[in-house]
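Report on one structure; see the data block that follows.
In what follows, chains carry the letters A, B, and so on, assigned in the order in which the sequence lines appear, proteins first and then strands, with residues in each chain numbered from 1. All heavy atoms count here, side chains included; hydrogens, waters and symmetry mates do not.
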Amino acid sequence: MLHLDLDAFFAAVEQRDKPSLRGKPVVVGGVGGRGVVSTASYEARRYGVRSAMSTREARSRCPHAAFLSGRFHAYREASRAVMGLLRSVSPLVEPLSLDEAFVDLQQADLPDLEVATVTAFAEELRGRVTEATRGLTASVGVGTSKFIAKVASDLDKPDGLVVVPPGTEQDLLRPMHVTVLPGVGPATAERLRRAGIHTVAELEQVDLDELVRLVGKAHGGGLFQLARALDDRPVVPEREAKSVSVEGTYDTDLTDRKLMEGLLTRQAGEVAARLRKSGLSGRTVSIKVRLHDFTTLSRSSTLGSPTDAAGTIARLARSLLTDLDTSGGVRLLGVGVSGLADWVQEDLFGDTAEEEPELPEIEIPHHSRRTWAPGMDVEHDELGRGWVWGSGRGVVTVRFETATSPAGPVRSYAEDDPALRPWTPEPAPEDE
DNA sequence: TCTGGGGTCCTAGGACCC
DNA sequence: TCTGGGGTCCTAGGACCC
């Protein structure tokens, strides 16, 4: 089994496409008051900036970093190139996210699976990934299972390769902390710690009954196996989506119920649009509400038949909000649909569904999407392609450079200057 | 103005059914 | 005369992953 992980993926794509950021700290993530870091470049990690850290803290640790809000079209494009390359090597490829995948090497065209053979193959593959992505690097791990491959890819980051020879798995794992096991996060680690279990070696000494008592049935059984390096999970190339959701955290807490209803309505519309785009519909509509104190509530309701209609989802979402006490303020709202079916209910009455959201556009004071997000691609009538360095007080600052034409000028414009437009790539061919 | 967004899976209780 | 035993569906919450 091979596991491939692109190094500091989002930040690396930014450095590739913005030559002035190469070798410099780059932080990609939410740039608002309540944003968190998605990816920090290795230069930023030297200052202690980490994924999932609040952007506020990242700014205080590394004020001179470039803070960018992310360009998912570019990440998707790079990801497609990598996944395509992997699929050319083995039909059994399981993407875990845009930047990670498992590859079943038994289905690849290799003369054998000896360590030397696999090592040479993986090295070549890493090189081809760098070519296919015009310069991104990948860390790769190879082992006798998904679990071991994944642990291995982490051992020599960035730009590394580790092949774990068969038979050496337990020697590798035993000294490691229990959090290397997939499924052991902070809560489980704390339970185990209270039972005096810190390392995989210690976990291995715990019998199954005790483990089930500590962490529950399903989880306990899994950990018992993983602690012994037993993992026969297959590579699953395609999996069906089980839910579709949209959520948002707002820079200031919401208190106005009408505004909340307006936001839920808008989110319902986005969920419906995504359902339709994938030819899906679902029976269960859920909302998620995070209060000012971070307590998180959810409410759901199941319909008799699946829907992808914005109006239906919106009405249900708003009605689910009514029994919640939001008087202390709401920091997050979300709408989701689950219980998905890949078909839509026949319209027995022959009506064409009307899909106008029944609430008028609502003026949303603090939460409107920034038109000029830092890092976004723009195009100027005279100066061509560039990216937004910063914006505010009615002014946008643009650095004119691309991956292939670095060292352009930096200019500032009025936010409503008609010569300046967001740049979006040609829409990708429909294939998903 | 600590704490994103998109997901998956599990648990536990109650309803309901045979 | 006490209170079966599954199974499935639904809801709410929580842990975890990238």
Contacts of type side chain to side chain contact (heavy atoms under 4.5 Å, CB included), residue Leu303(A), not counting sequence neighbours: Thr307(A), Thr312(A), Leu316(A)

side-chain N/O Thr296(A) vs dG13(C) OP1/OP2, d < 4.0 Å: no

Sugar-phosphate, base or nothing in reach of Thr55(A), heavy atoms under 4.0 Å: nothing

dT3(B) OP1/OP2 closer than 4.0 Å to side-chain N/O of Arg56(A): no

Rounded interatomic separation in angstrom, taking CZ from Phe10(A) and P from dG4(B): 16 Å

Any Arg34(A) side-chain N or O less than 4.0 Å from OP1/OP2 of dT3(B): yes

Worked verdict on Phe121(A) versus Leu105(A) for side-chain contact (heavy atoms from CB on, under 4.5 Å): CA-CA 10 Å; Phe121(A) 173 82; Leu105(A) 294 185; 3.7 Å; yes

Sugar-phosphate only, base, or nothing, as touched by Gly33(A) at under 4.0 Å among non-hydrogen atoms: sugar-phosphate

Member of Leu332(A), Val330(A), Leu263(A) meeting the side chain to side chain contact (heavy atoms under 4.5 Å, CB included) criterion with Tyr250(A): Leu263(A)

Distance test, side-chain N/O of Arg299(A) to OP1/OP2 of dA12(C), below 4.0 Å: yes

Just the atom pairs and distances: protein N or O near nucleotides 6-9 of chain C's N or O, under 3.5 Å.
none

Between Asp104(A) and Ser90(A), a side-chain donor and acceptor under 3.5 Å: no

Whole-Å gap separating P (dG5(B)) and CG (Leu332(A)): 6 Å

Touch class at under 4.0 angstrom, heavy-atom based, for Gly248(A) against every strand present: sugar-phosphate

Touch class at under 4.0 angstrom, heavy-atom based, for Ser286(A) against every strand present: nothing

Ser300(A) side chain near dC10(C) phosphate (N/O to OP1/OP2, under 4.0 Å): no

Leu320(A) CG to dC10(C) P, straight-line distance once rounded to whole Å: 15 Å

Residue-phosphate contact under 4.0 Å: Arg331(A) side-chain N/O, dG4(B) OP1/OP2: yes

Within residues 133-174 of chain A or reaching into it, pairs that qualify as ring pair (Phe, Tyr, Trp, His ring centres under 6.0 Å) - sequence neighbours excluded: none

Heavy-atom check, side chain of Arg76(A) versus side chain of Leu98(A), under 4.5 Å: yes

Touch class at under 4.0 angstrom, heavy-atom based, for Arg191(A) against every strand present: nothing

Cationic N near anionic O, under 4.0 Å, Asp5(A) to Lys150(A): no

Heavy-atom side-chain proximity of Val378(A) to Trp372(A) below 4.5 angstrom: yes

Distance, C1' atom - from dG4(C) to dC16(B), rounded to whole angstrom: 16 Å

Contiguous Watson-Crick or G-U pair runs (3 or more, under 3.5 Å) in DNA chain C: B:5-18 with C:5-18

Rounded distance (Å) that lies between atom P of dC18(C) and atom CZ of Arg239(A): 13 Å

Residue pairs, two or more places apart or on separate chains, that pass ring pair (Phe, Tyr, Trp, His ring centres under 6.0 Å) and touch residues 29-60 of chain A: Tyr47(A)-His64(A)

Rounded distance [0.5 Å steps], CZ in Arg174(A) versus CD in Glu169(A): 10.5 Å

CD on Glu204(A) to CZ on Phe224(A), rounded to 0.5 Å: 9.0 Å

Touch class at under 4.0 angstrom, heavy-atom based, for Leu98(A) against every strand present: nothing

Residues from residues 201-210 of chain A lying under 4.0 Å of DNA chain B - heavy atoms: none

Derivation and outcome, side-chain contact (heavy atoms from CB on, under 4.5 Å), residues Glu94(A) and Lys146(A): CA-CA 11 Å; Glu94(A) 178 177 342; Lys146(A) 281 182 162 182; 2.7 Å; yes

Sugar-phosphate only, base, or nothing, as touched by Val37(A) at under 4.0 Å among non-hydrogen atoms: nothing

